[in-house]
Amino acid sequence: MATDFSSIPIINISPLIAKSDDPKMAQDPCVLEVVKQLDKACTEAGFFYVKGHGIPETLLEEVKDITRRFFELPYEEKTQIKMTPATGFRGYQMIGENITKGVPDMHEAIDCYREVTKDMYGDLGKEIEGCNQWPRNPQKFKALMEEYVSLCTGILSPPLIPFPIKSCCKLARKIMRGIALALGGSPNEFEGQRAGDPFWVMRLIGYPGVSTVNGTNVHKNDIGCGPHTDYGLLTLLNQDDGINALQVRNKFGDWISAPPVPGSFVCNIGDMLNIYSNGLYESTLHRVINNSPKYRVSVVFFYETNFDTEVEPLDTWKTRANGTKKFERAVYGEHLVSKVLSNFVEE
Ligand SMILES: N=C(N)NCCCC[C@H](N)C(=O)O
Ligand SMILES: O=C(O)CCC(=O)C(=O)O
Ligand SMILES: [Fe+2]
């Protein structure tokens, strides 16, 4: 549950990264120290920064730079990869096209999802069947983004090479092994049927800055992205340096800043982990307001469960959440599709 937190903790996860494929990881005191910090952050805020994650800082910068260069292109070029229902909701959407709870968001984005082939998940996956649309310009866009995501293949075949980790999927999986321990489970809780074949979503987002007319800001306080929770397990947010725009809501309803910490990811819990943890780890509301004059980009990677998995509280709720089971089952794919469809509906 969100508490009265007033800042977001920074966790150095390097011991977890080094040991997360070791069957004895749960006996390592340095891993357990990270697990303790993860538990505290997930319980109190549902948000934390990670450093010591092993993804090279140059790669974090490169994906943001190339995203920025794409958004600088003329509108006619960007709409060549326009997102429509026919493209499985993959591709470019212009400023104001994405809608959160009925209100248009002041951002433009490229939405990507793990590939869904025809009839892969029957009716459940129909709406988002398709493959991603990548722009021809800037060059190497597709290759770089695919490297960043690394397509999730083979992630379950240990041993992995510990450093440097080059993909968000691998990193998220490792953090989830720590979170599984934090919840009082085995490190493998989020593998196999639950998230052994993880779905993923990636949003490359651009938020225009406020423009100034005669020294006065116009459009002040426009919402870059309205208050929402994320849908899956764990989000890895690679945000622009130097612009303070992301805000997280605490239990008093105060909006707490999550300023950029160079070289780190901001991680937050999604709705499926909220259910698995029986509400102990909340998917916290957050929003984006870019009040700076500068254009802000973020590259957001969402690590999810298997698409068709049925999610319900882990047995550990009996000991950890000390109470009643608070959730019924949800199917992740249904949740995602209902969100995607409502993302384009104005109130
Ligand atoms: N895959 C994720 N979490 N995307 C977050 C986007 C949130 C805004 C969206 N319009 C909404 O209303 O959820
Ligand atoms: O751009 C950001 O900082 C956050 C974006 C976000 O919350 C999302 O896409 O779910
Ligand atoms: Fe979000």
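Atoms considered below: every heavy atom in the structure, side chains included; atoms not considered: hydrogens, waters and symmetry mates. Quick note: residue numbers are just sequence positions, from 1. When a ligand or atom number is given, it counts from 1 through the structure's own listing order.
- Thr117 is not listed as a side-chain neighbour of Glu129, based on a closest heavy-atom distance of 4.5 Å or more.
- In this structure, Phe307 and Phe199 have tilted ring planes: the angle between them lies in the 30° to 60° band.
- Atom NZ of Lys78 is surrounded by more than 12 heavy atoms from other residues, nucleotides or ligands within 6.0 Å.
- Residues Thr79 and Met94 form no side-chain contact, since every pair of their non-hydrogen atoms from C-beta on lies 4.5 Å or further apart.
- Using a 4.0 Å cut-off to heavy atoms of Phe302, the atoms of ligand 1 that qualify are 1 (N), 2 (C), 3 (N), 4 (N).
- Heavy-atom proximity to His228, at under 4.0 Å, picks out these atoms of ligand 1: 5 (C), 7 (C).
- Looking at Thr100 next to ligand 1, an N or O pair under 3.5 Å apart turns up.
- Among residues at least two apart or in separate chains, ring-ring contact (aromatic ring centres under 6.0 Å, His included) pairs with a member in residues 11-48 are Phe47-His286.
- We find that Arg90 and Asp111 are not joined by a salt bridge, their nearest charged nitrogen and carboxylate oxygen being 4.0 Å or further apart.
- Taking 4.5 Å as the limit, every side-chain heavy atom of Lys170 sits out of range of all side-chain heavy atoms of Ile55.
- Protein N/O/S atoms found under 2.8 Å from the Fe ion (ligand 3), listed by chain and residue number: His228 NE2, Asp230 OD1, His286 NE2.
- Protein heavy atom in closest approach to atom 9 (C) of ligand 1: Asn343 OD1, 2.9 Å.
- Only backbone heavy atoms of Ile99 (N, CA, C or O) come within less than 4.0 Å of ligand 1; its side chain stays farther off.
- For ligand 1, the polar-atom distance check against Asp230 finds a nitrogen or oxygen pair separated by under 3.5 Å.
- Each side chain to side chain donor-acceptor pair (under 3.5 Å) pair with one or both residues in residues 330-339, not counting sequence neighbours, appears once here: Asp271-His335, Glu304-Tyr332.
- A ring-centre distance under 6.0 Å is not found for Tyr113 and Phe89.
- Side-chain atoms of Trp134 and Ile81, non-hydrogen and from C-beta on, never get closer than 4.5 Å to each other.
- Side-chain contact between Glu191 and Arg177 is present, with at least one heavy-atom pair separated by less than 4.5 Å.
- Looking only at side-chain heavy atoms (C-beta outward), Leu234 and Cys267 come within less than 4.5 Å of each other.
- Contact atoms of ligand 1 toward Asn98: 8 (C), 9 (C), 10 (N) (distance under 4.0 Å to a heavy atom of the residue).
- Among protein residues, Ile205, Tyr207, His228, Asp230, Leu237, Leu246, His286, Val288, Arg296, Ser298, Phe302 come within 4.0 Å of ligand 2, judged on heavy atoms.
- Polar contact with ligand 1: present for Tyr231 (N/O pair, distance under 3.5 Å).
- Note: Gln133 CD to Thr87 OG1 = 4.5 Å, rounded to the nearest 0.5 Å.
- Side-chain contact between Arg68 and Asp240 is present, with at least one heavy-atom pair separated by less than 4.5 Å.
- In terms of polar-atom proximity, defined here as any N/O pair under 3.5 Å, Lys101 makes no such contact with ligand 1.
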